[in-house]
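Okay, so here's the structure we're looking at.
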Amino acid sequence: MTAELVRGQNHPLSDTRLEIRVSAGHPVVACATCSDGQGTVREEWIAHPGAPTVPGVVVPRGATEAPRFTIDLDAVPEAAQQVNVLLALPEGMGGPAHFGATAAPFLAVTGGGDVEVARFTITGLDTETALVAVELYRRQGAWKVRAVGQGYAGGLVQLLADQGLATALEKAADIQGAAGGRRAPRAEPAQLRTSAADSAYAAPDLPRSEQTPAPGPDATLPDGLTGPGRQPASTGPQQTPTPDAPQTPGGPINYAHPRRQSVAPPPPPPAAAPARPGEPAAPVAGDATGWSMEERLYNQIWGMFEDLARSVAAYRSAVDFAETRMDQELDQVLSDPRSRIGGTGDAAREAARAKCEQLTDQARQALDRDLAQLGAESDVVEPALPPAFARWDNPAWHAYRVPMEVPMALRLGDLQLPESPELRIPLLVRLPLERGLWVDSGRTGSEAAMTLDEAQLRRLAMDSAVAHAARLLAVYPPGDFTVHVIDPAGAAAASLAPLVDSGVLAGPPAAGAQGVSATLATLTQRVDLVTMAVRGGAADALPPDLDTAEQLLIVNDFPHGFDDRAVTQLRYLADEGPAVGVHLLMVADREDASAYGPVLDPLWRSLLRITPVPDDHLADPWVRHAWTYEPLTVPPGSDVLRQVLGKVSAARREWGR
């Protein structure tokens, strides 16, 4: 069965002889690079039209509309851990100026017998002129393919420099010349350094680590939860342009964060005295790197996530080693007939079990030490979080004021592992949202959900969706975020009451097939208009009454009230909407949606699944833990949700928005 990949997803490869077929609809330059374990490309590992063959990889000569890559993974150099498939627009041939002005490139990976293994359509491109389409990489002795779609506005120069090639400028010029285009103009070294530095910010932030879900979970954590060590998030995950970066012509549409910096952040200021010898350092909120306290807290939270993942992975590995060693020793005892009877055999078995317990106890002590340090850090970080990062019971919400700029991330819930259920790590997703949300109202796969009846679970799911929508409204400046609701049968009136009563919705919840059709048509038209305006550089030509704020569509009780046309429009919004500020928040049971068959599988995969009750469905893309997601709930009897929405509504009236 062919796997239809979305950006960041991977798929195992059973064949080592592959062909990757590209359909672009216009001439593209096909290249391939091999990189080592550090992601660095060597000069002799680049296949391009002027040198179309490297060990294991063959690319076509010249620029063509449908290039084909021939790959023999068994022949790839042993030192190469990854094969990157690259596409670039040829220069000086009168073609499109950037990928955003063309049809989305499509790739198909075929194996033995011409069987299609995976396919990937690269959507969301804009000013990019070169991109990493897919990558083939080694993982535990096997090969996998990952859909990347990472574009570079600086072309091949920027792409190759980002892969660590020192001669990126000269190599890019050689490739373009060999492909039949003109040679790229020579730039000064300082210009090349700028391009290489900017690439980490301008290109989509795609995870480089393993994305395979652990057995059981059916989703991976959002982008940004990967990377060994406490790496500063400001070297990639921020979504803010430099202050002097060119803006969209006309100015009204720019969904990027206004505070991006194009240089590395300063080190954190000293905040605590050095620890005494043999004692852990006292935790301090905001002790990570970053340009602001918000960014430092963001980086610190994901550092805590990585530390917890590492500690638990080390503990599980130690326990597994101890049990494996005990089994081996017991097998050795049983294999000797002389030790099966008498005291000798019993003593050997007891010694094996004692060693296992000793190793397990040592591993648990090390884990408890790490958990205690992380718990102390959590105790000081949690009270210091701003509203966008805080739980609903945090006092920060009582001092809430409508912000004048968008935060860099939003908290969706908490993450925990069974070894430390009391330690919760905030689950943060970056803003603007890069993918929509699916609040699962189904009862399959969750023990907590099975204890509730269907009506209770649907109500909790809609309550959760309303709480997420309220958070998004609360963290955006007045009028910069618009919420629409589709409730075909009017079944969510009680849950929607805080949004309706506060007047923060764009209009009454749409009901019936006619309301569904009208709302989807409006948002689809908006995506079409803004996409054309942004790609054509004509934002000033948009209708004056067009709402340029970011849009959120809450869909309840899907697929009730949806015909085939409405389903197609919904998929279109999920695929193309986030790039122009239109996001989905689905509330549905996947079993109910299964009536449409595989047509909705891409929609399911493109959205981040969350649940209204605790569930261990999120898979760690780094060390493959199954993390338990715990939703954020409003404390019983608290009126904080209505108070926050009331302030949002008052700020909108005051600002005339």
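Count residues from 1 along the sequence.
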| remark: So CG of Leu415 and CG of Leu427: to nearest 0.5 Å the spacing works out to 4.5 Å
| field | Side-chain touch Asp414/Arg391, heavy atoms, less than 4.5 angstrom | value | yes
| query | Are Arg310 and Asp370 ion-paired here, with the side-chain N under 4.0 Å from a carboxylate O? | reply | no
| Ion pair Arg609/Asp615, N-O distance below 4.0 Å | yes
| field | Backbone N/O of Ala588 and side chain of Trp438: donor-acceptor pair under 3.5 Å | value | yes
| query | Are any non-hydrogen side-chain atoms of Leu410 and Leu428 less than 4.5 angstrom apart? | reply | no
| query | Is the backbone N or O of Gln365 less than 3.5 Å from a side-chain atom of Asp361, with the two atoms forming a donor-acceptor pair by type? | reply | no
| query | Is any NZ, NE, NH1 or NH2 atom of the basic residue among Arg316 and Asp320 found under 4.0 Å from an Asp or Glu carboxylate oxygen of the other? | reply | no
What donor-acceptor contacts under 3.5 angstrom involve side-chain atoms of residues 381-389, with partners at least two apart or in another chain?
from   : atom 1 : to     : atom 2 : distance (Å)
Glu382 : OE2    : Arg411 : NH1    : 2.7

| query | Do any N or O atoms from the side chain of Gln300 and from the backbone of Gly286 form a donor-acceptor pair under 3.5 angstrom? | reply | yes
| message | Parallel, tilted or perpendicular: which one describes the rings of Tyr400 and Trp397, with boundaries at 30° and 60°? | response | tilted
| task | Report yes if the side chains of Val613 and Leu452 come closer than 4.5 Å at any heavy-atom pair, otherwise no. | result | yes
| query | Using 4.0 Å as the upper bound for N to carboxylate O, is an ion pair formed by Arg526 and Asp547? | reply | no
| query | Given side chains that start at C-beta, do those of Arg652 and Leu473 come closer than 4.5 Å, heavy atoms only? | reply | yes
| Val582 versus Leu553: any side-chain heavy-atom pair under 4.5 Å? | no
| Going by the angle between their ring planes, with limits at 30° and 60°, are Phe481 and His583 parallel, tilted or perpendicular? | parallel
| field | With sequence neighbours excluded, residues passing side chain to side chain contact (heavy atoms under 4.5 Å, CB included) with Thr123 | value | Ala104, Thr121, Glu576
| query | Okay, side chain of Ser649, backbone of Leu645: is any donor-acceptor separation there less than 3.5 Å? | reply | no
